[in-house]
Amino acid sequence: MGATKLRTRVAALVSEATGGDVPAADVLGGGSLVALGVDSLGLLRLVDAIELEYGVEVELTEPGHRLDTLDDLVAVVEAARPDDAGGAAQL
């Protein structure tokens with residue numbers, strides 16, 4: 001899956017995790033998820049959605065890793081998922 005498709009899908013997951021309060025277009029625009037309005041409950045829902053959809057483990061408390069932007073989330077998915085050549089993480 002291309003980086004653009006992955007970014008678009010993760011942005012949609014952010015929007016879904018917030019019940020639509022944070023539009024995917026705003027997430028794609030960049031910046032802090034917290035500043036956009038993602039609260040702690042939304043973040044937990046988002047982590048669950050990413051883990052279920054991509055089969056990766058997202059650790060919120062791992063030292064040195066920030067999960068405050070779309071790019072942070074995409075980097076976690078890209079680093080943890082198998083290659084697109086046959087990995088279960090494809091859309």
Side-chain angles (χ1 to χ4, degrees):
M1 171 191 315
T4 301
K5 287 178 86 173
L6 179 60
R7 284 178 53 80
T8 301
R9 180 60 188 142
V10 173
L13 290 174
V14 172
S15 183
E16 291 169 17
T18 63
D21 290 341
V22 178
D26 290 355
V27 178
L28 286 167
S32 164
L33 297 176
V34 172
L36 290 172
V38 179
D39 61 14
S40 57
L41 181 57
L43 186 58
L44 290 174
R45 288 179 180 152
L46 175 60
V47 167
D48 285 344
I50 289 172
E51 290 178 343
L52 286 171
E53 184 151 334
Y54 294 103
V56 300
E57 186 172 329
V58 178
E59 187 62 51
L60 291 175
T61 59
E62 188 171 334
H65 288 89
R66 294 188 55 203
L67 292 178
D68 190 43
T69 67
L70 176 61
D71 290 335
D72 294 339
L73 294 169
V74 169
V76 166
V77 173
E78 287 179 332
R81 70 187 181 142
D83 290 337
D84 283 349
Q90 294 182 26
L91 283 178

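Computed from a prediction, not measured in an experiment: that's the story for all the values here.
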- Item | Straight-line distance of Leu13 CG to Leu73 CG, nearest 0.5 Å | 9.5 Å
- Item | Straight-line distance of Asp26 CG to Thr18 OG1, nearest 0.5 Å | 9.5 Å
- Partners of Glu51 by salt bridge (Lys or Arg N to Asp or Glu O under 4.0 Å), sequence neighbours excluded? none
- Query: Between Glu78 and Arg7, does at least one N-O distance fall below 4.0 Å, as a salt bridge requires?
  - Reply: no
For [X] versus [Y], what's the shortest heavy-atom pair and its separation?
X     : Y     : answer
Val14 : Leu33 : CG1-CD2, 4.3 Å
Val58 : Val76 : CG2-CG1, 4.0 Å
Thr69 : Gly31 : CG2-O, 3.6 Å

Contacts table for residues 36-49: side-chain donor-acceptor under 3.5 angstrom, sequence neighbours left out:
from	atom 1	to	atom 2	distance (Å)
Asp39	OD1	Leu41	N	3.3
Asp39	OD1	Gly42	N	2.7

- Any donor-acceptor N/O pair, Ser15 side chain to Val22 backbone, under 3.5 Å: yes
